[in-house]
Amino acid sequence: MDVSPIIDPLNDAQREAVTAPNGHLLVLAGAGSGKTRVLVHRMAWLMQVDQIPPTGLLAVTFTNKAAREMRHRIEDLLKLEGRGMWFGTFHGIAHRLLRSHWQDAGLPENFQVLDSDDQLRMVKRVMREMQLDESRWPPKQAQWFINAQKDEGLRAEHIQQNPGDLYTNTLLKVYQRYQSLCQQSGLVDFGELLLRSHELWLHRPELLAHYQRRFRHILVDEFQDTNTIQYAWLQVLASNRVPLTVVGDDDQSIYGWRGAKVENIQQFNTDFPNARIVRLEQNYRSTGLILKAANAVIANNQGRLGKELWTDSQDGEPISLYAAFNEQDEANYIADSISDWVRQGNLRRESAILYRSNAQSRVLEEALVRQGIPYRVYGGLRFYDRQEIRNALGYLRLVHYRHDDAAFERVVNIPPRGIGAKSLQDLRDLARDQSLSLWQAAERLLEAGAVKGRARTGLGSFIEIILELSERAQSATLKELTEQAIRQSGLRDYHGSEKGEKGQARVENLDELINAMAEYEVEDEAQDPLAEFIAQAALDAGESQADEHEDSVQLMTLHSAKGLEFPLVFLAGTEEGLFPHSMSLEEPGRLEEERRLAYVGITRAMKKLVLTYAESRRMYGQEKFNALSRFVREIPGDCIQEVRLRNTVSRPAMVQRANEGLFSSQPPAETGLQLGQRVRHPKFGEGIVMNCEGSGHHTRVQVNFDDGAKWLVLAYAPLEPC
DNA sequence: GTGGCCTCTCTTTTT
DNA sequence: GAGAGGCCAC
C-alpha cells in the first residue's frame, strides 16, 4: 500500500499527528499551521492504514461550510467519494440522530427545527401569556437565558429556584412554559437538538453502544469553540471506546460570548489522560514580521497553553500603521492603497478589509464606491433569513406538519386576510386552555361558529389553502408544490406589490427558492424530501451565494475572517473603545478574548498588513477622539512603519500622545502653541488660539481672528506665536 | 393595515 | 445620529 500521498506533503509535527496510533489525540494547531490538512490526512491515514471503513468515521465541525470543505478535500486526496462518512456540524449530526430515533428521544415524528427568529416569537408568545411587561422583561433576554441554559446542558427543572432572585425565577418560568409549548408543537430549537441528543445517549444505553460500535474514530475541528453541552455529548459518545482526534487553537477562541469554553481544551487532558498531544507551530502563511507581531500581542494573555509560531519565510515588509484624521480619511487611505496594489498587477480578491463591528463597513464601502472598486461584504442577511423566504417556508411547514405553531403564527395573516391581533389571541387562548395546536384551535373555533365576519372568511380560506396544498403534496414534486404554495397563498402578489425595487427583489427571491427546490437532491432516500428541505433550511442558512466570480475586495468582521487568509489585509479602526470594544473593557476575560481577536486579525495576513486608526471618529452621533488601540501598542516598534501623508508635523510626538491615550484640546507642546495664546497668521493677521482637535499632521486649531473664528490645519497654515 | 411619531440602544454570530 | 421596534391614530 502506498501511503506517500498521505504523508509526503507533511512536516514532522504534522506527520506525527496524522500517523499517531488510533487513540485519543489533541492537536494544538496555531494559525496557518495546516490544521485542516492534518485533519483530512489523518482521516485518510485511518482508513488506509488502520483499515477503518468510511462508515466508521465521524467528522464534526462548526459550520456547514467547513464540513463541505473537509469532505471536498478528502475526496480529492483519496480520489473517492466520501460516501458513508459522517461529516457535519454538531447541530446537523444531532438532528440526524433525533430524526432516526425520534421515539426514543420523545419527539413526534414530524418535529421541526426552530430557528432563532421563530424562537423569539415563541418566547414572546409565552411572555404575553404570562402577562410579563415586555419593557421590564425583554423577550430577547429571555431567549438568551434559555439558550444559555441549554448550552450548559440545563433543563428548567435542573435549575434551583432561589427565593430572593426574581430575575432567575421569572426567566425560569418562561423557560419552563416555553419548553412545554415547544414539546406540544413538536418544535426543537438549536440548543434543544444538542441537549436532547445528549439525553438520548444517557437514557438509551443500547443506542449509545450501537453508535460506539459503529464509530471507530471521531474527529473534531475548532475544538476551542465547543460549549459545555457539545463537549459533554462528545465525552459520553467517545468515553473510552471511540478514539477522538480534536484540533484547536486556544489563542483563536473568540466565541466565549456565545457559550464556547476554551477550558474544554485543558479539560480534554484531564478527561482523556492518555491522549497524545501534538503542537503545530510552523506557520506557512505569513511573513516573519507579521508573525512576530502576532506572537507579541498574544503573549500578553494569561493562562495560554503555550505555543509560539515560527516560520521559515523572510521578514517581509513591515506592518504599516496609518493615523487617519477621521474615519473618512481612513477609508480613503485604504481605498487608495487598494487601487495602488491593483495597479501593481494584483487581484482585488486577494485583499481584505477587516473591522471589529459591522457599523464600520458603511464608510469603507462609500470610499470604495467613489473609487469604483468592486467589493463584497460578508455576513449580510442570509437567504433563508429573508422575510419572503421564511413566509413561503412557513406555508410549506404547515403542509408538512399542521401543528407547527411557530409557522402558523407566522403566516396565518400573511398576506393579510383579516385575522388581526384579537382573532389570534382567541386562538392562542383556546389552544392554551385545551392544550391544542393553533391549527386545532382554529378548526374548533370555526366549527363552533365562534369567529365572525372577515376573520371567519380569512381563517376559513387559510385552512382551505393548507388543506389543498397538502392534497397536492401527495403527488407533486417539491418544485411544483412550492410554486403552487407561493401562488395560491397569495404571497407572490403580496410581495410583488411592495413598493419600489423591494417588491421585485422579493419575487425574484421566491423564484430562487423554487429553483432551489428543483435542484434539491435528497440525501437520504428514506426521508420525506419536504421534511428534509425544511430542516436543511433551518440548519444551513444558505451560504450567501454572492457572485464569487467577480474580482472584488473582501470586507468582513474579524469574527468572520477566522479561517481565511489574504495576501493583503487592512485592519481598520484599531482604536481603544472600538477595538478593544468598550463593552469588553471591564472584565479581564473579555479583554483577553478581544486580544485573541486581534491575534486572529493579524494572522490573516500573508504578505502585507496595514493597520489604520482615526484620530477622530463619529460614533453614536458624537465626535470621539479615541487613543490608538493597546493591541497596536503591544506590537514591537521594529515591526511597524508609520505611514503619514507628506507635510508631516512631528510624527514621534503624535505617536507619543496616542500612546498616552489622550488627545486633549491643548495643542501639542512642540508646536509652541497654547490655548489662549496670541498668534499671527501670514494672511489673516493676529488672533487667539481657542481650541484644538486631532494630532500629528492633522492637528487643527481654532483661532479667533478679527473677522471671525477659523479652523486651521497646522501643517498647512503655520502660525507664529507673538 | 399603514403611516407617523416616539423611545431606546448602540459588539461579535452559527446552528 | 441612525435604525429598529413599539404604539397609537386613522
Side-chain angles (χ1 to χ4, degrees), chain A residues 60-67 88-96 113-120 124 128 133-135 138-141 144 147 150-151 188-195 197 221-222 225-227 229-230 253-260 354-363 378-382 384-385 413-422 454 458 494 497-499 535-544 556-563 573 577-585 590-591 593-594 596-598 600-601 617-624:
Chain A
V60 193
T61 59
F62 275 82
T63 64
N64 291 293
K65 194 171 153 207
T89 61
F90 276 102
H91 293 87
I93 288 161
H95 176 248
R96 188 169 175 173
V113 178
L114 198 64
D115 63 31
S116 44
D117 203 71
D118 287 332
Q119 186 188 31
L120 186 60
K124 279 187 181 163
R128 244 176 275 133
D133 177 7
E134 286 204 7
S135 57
K140 276 239 161 84
Q141 211 166 330
W144 183 88
N147 290 336
K150 290 191 177 187
D151 282 350
V188 175
D189 61 44
F190 291 132
E192 186 72 18
L193 286 169
L194 302 171
L195 189 49
S197 52
D221 193 14
E222 305 279 15
D225 289 337
T226 49
N227 62 27
I229 187 70
Q230 287 162 338
S253 158
I254 54 176
Y255 288 109
W257 53 275
R258 62 175 199 214
L354 311 183
Y355 36 81
R356 175 67 238 268
S357 63
N358 282 312
Q360 286 170 258
S361 78
R362 212 183 71 199
V363 181
Y378 276 67
L381 195 57
R382 280 175 296 273
Y384 292 116
D385 284 341
N413 201 34
I414 292 183
R417 39 176 82 88
I419 303 157
K422 170 73 171 61
R454 207 152 43 129
Y494 172 67
S497 65
E498 284 183 71
K499 59 185 167 210
Q536 187 232 240
L539 286 169
D540 181 0
E543 242 65 271
S544 46
M556 67 193 85
T557 63
L558 286 158
H559 282 89
S560 1
K562 191 166 76 146
L578 193 59
F579 186 38
H581 197 276
S582 52
M583 293 194 136
S584 21
L585 293 179
R590 306 286 285 162
L591 186 66
E593 184 155 310
E594 293 278 304
R596 293 194 288 268
L597 203 47
V600 168
R617 179 183 298 273
R618 270 197 103 65
M619 285 170 87
Y620 311 137
Q622 275 183 321
E623 198 84 357
K624 300 274 188 194

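The figures here come from the full heavy-atom set of this structure, side chains too, leaving out hydrogens, waters and symmetry mates. By convention in this document, chain letters (A, B, ...) are assigned in the order of the sequence lines, proteins followed by strands, and residues within each chain are numbered from 1.
- Side chain of A:Asp115 to backbone of A:Asp118: a donor-acceptor contact under 3.5 angstrom is found.
- Note on A:Lys150 versus A:Asp189: salt bridge recorded, some NZ/NE/NH1/NH2 to OD/OE distance being below 4.0 Å.
- Side-chain N/O atoms of A:Tyr620 include none lying less than 4.0 angstrom from OP1 or OP2 on B:dC8.
- Between B:dT11, B:dT13, B:dG1, one nucleotide has an atom nearer to the side chain of A:Asn413 than all others, and that is B:dG1.
- Closest to the A:His559 side chain, of the nucleotides B:dT13, B:dT15, B:dT11, is B:dT13.
- Using P as the reference atom, B:dT13 and C:dA2 are 23 Å apart when rounded to the nearest Å.
- With hydrogens and angles left out, the side chain of A:Arg590 and the base of B:dT11 share a donor-acceptor pair within 3.5 Å.
- Contacts of A:Glu594 with the nucleic acid, taken as non-hydrogen atoms under 4.0 Å apart, include base atoms.
- In this entry the base of B:dT11 is syn relative to its sugar, with a glycosidic angle within 90° of 0.
- Note that the CG atom of A:Leu585 and the CD atom of A:Glu594 stand 7.5 Å from one another [nearest 0.5 Å].
- When each of A:Tyr494 and A:His581 is assigned the nucleotide of DNA chain B with its nearest heavy atom, A:Tyr494 is the one assigned upstream, toward the 5' end.
- Here the straight-line distance linking atom CG of A:Asp385 with atom OG of A:Ser116 works out to 7.0 Å at 0.5 Å rounding.
- Note on A:Lys624: nothing from the nucleic acid sits closer than 4.0 angstrom, heavy atoms only.
- Here B:dT15 presents its P atom at 20 Å from CG of A:Leu195, a figure rounded to the nearest Å.
- The interatomic distance linking A:Ile414 (CD1) with B:dT2 (P) rounds to 10 Å, in whole Å.
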If pairs are Watson-Crick or G-U with both distances under 3.5 Å, what is the dot-bracket string of DNA chain B, marking crossing pairs with [ ] and pairs to another strand with |? ||||||||||.....
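- Comparing the P positions of B:dT12 and C:dG3 gives a spacing of 15 Å, expressed to the nearest Å.
- For the pair A:Gln360 CD and B:dC10 C1', the computed distance is 13 Å after rounding to whole Å.
- Set against B:dT11, B:dT15, B:dT13, the side chain of A:Arg356 has B:dT11 as its closest nucleotide.
- Between A:Asn358 and B:dT13 there is a side-chain N or O to OP1 or OP2 distance below 4.0 Å.
- Here the side chains of A:Val600 and A:Ile254 are in contact, with some heavy-atom distance below 4.5 Å.
- Between A:Arg617 and A:Glu623 no salt bridge is recorded (no basic side-chain N to carboxylate O distance below 4.0 Å).
- A 4.5 Å side-chain heavy-atom check between A:Leu597 and A:Phe579 finds at least one atom pair inside the cut-off.
- Between A:Asp225 and A:Gln230, the side chains place no donor N or O within less than 3.5 Å of an acceptor N or O (distance only, hydrogens not considered).
- Here the side chains of A:Arg258 and A:Trp144 are not in contact, with every heavy-atom distance at 4.5 Å or above.
- B:dT14 atom C1' lies 14 Å from atom CG of A:Asp189, rounded to whole Å.
- Contact annotation for A:Ser584: base contact, defined as any heavy-atom pair under 4.0 Å involving a base atom.
- The separation between A:Leu591 atom CG and B:dT11 atom P is 18 Å, rounded to whole Å.
- Closest to the side chain of A:Trp257, out of B:dT15, B:dT13, B:dT11, is B:dT13.
- Tested against A:His91 for a side-chain contact (heavy atoms from CB on, under 4.5 Å), the candidates A:Leu194, A:Asn64, A:Val113 yield a single pass: A:Leu194.
- Read 5' to 3', the first and last nucleotides of DNA chain C with an atom closer than 4.0 Å to a heavy atom of chain A are C:dG1 to C:dG6.
- Contact annotation: A:Ser116 side-chain N/O to B:dT13 OP1/OP2 distance is not under 4.0 Å.
- As a whole-Å value, the separation of A:Phe62 CZ from B:dT12 P is 21 Å.
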A:Thr557/A:Asn358 under side-chain contact (heavy atoms from CB on, under 4.5 Å): CA gap, chis, key distance, verdict: CA-CA 6 Å; A:Thr557 63; A:Asn358 282 312; 3.2 Å; yes
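- If A:Ile419 and A:Phe90 are placed on DNA chain B by their nearest nucleotide, the residue sitting closer to the 5' end is A:Ile419.
- In the set B:dT15, B:dT13, B:dT11, the nucleotide with an atom closest to the side chain of A:Thr557 is B:dT13.
- The distance between atom CZ of A:Phe190 and atom P of B:dT15, rounded to the nearest whole Å, is 8 Å.
- The nearest whole Å value for the distance from the CD atom in A:Gln536 to the C1' atom in B:dT15 is 13 Å.
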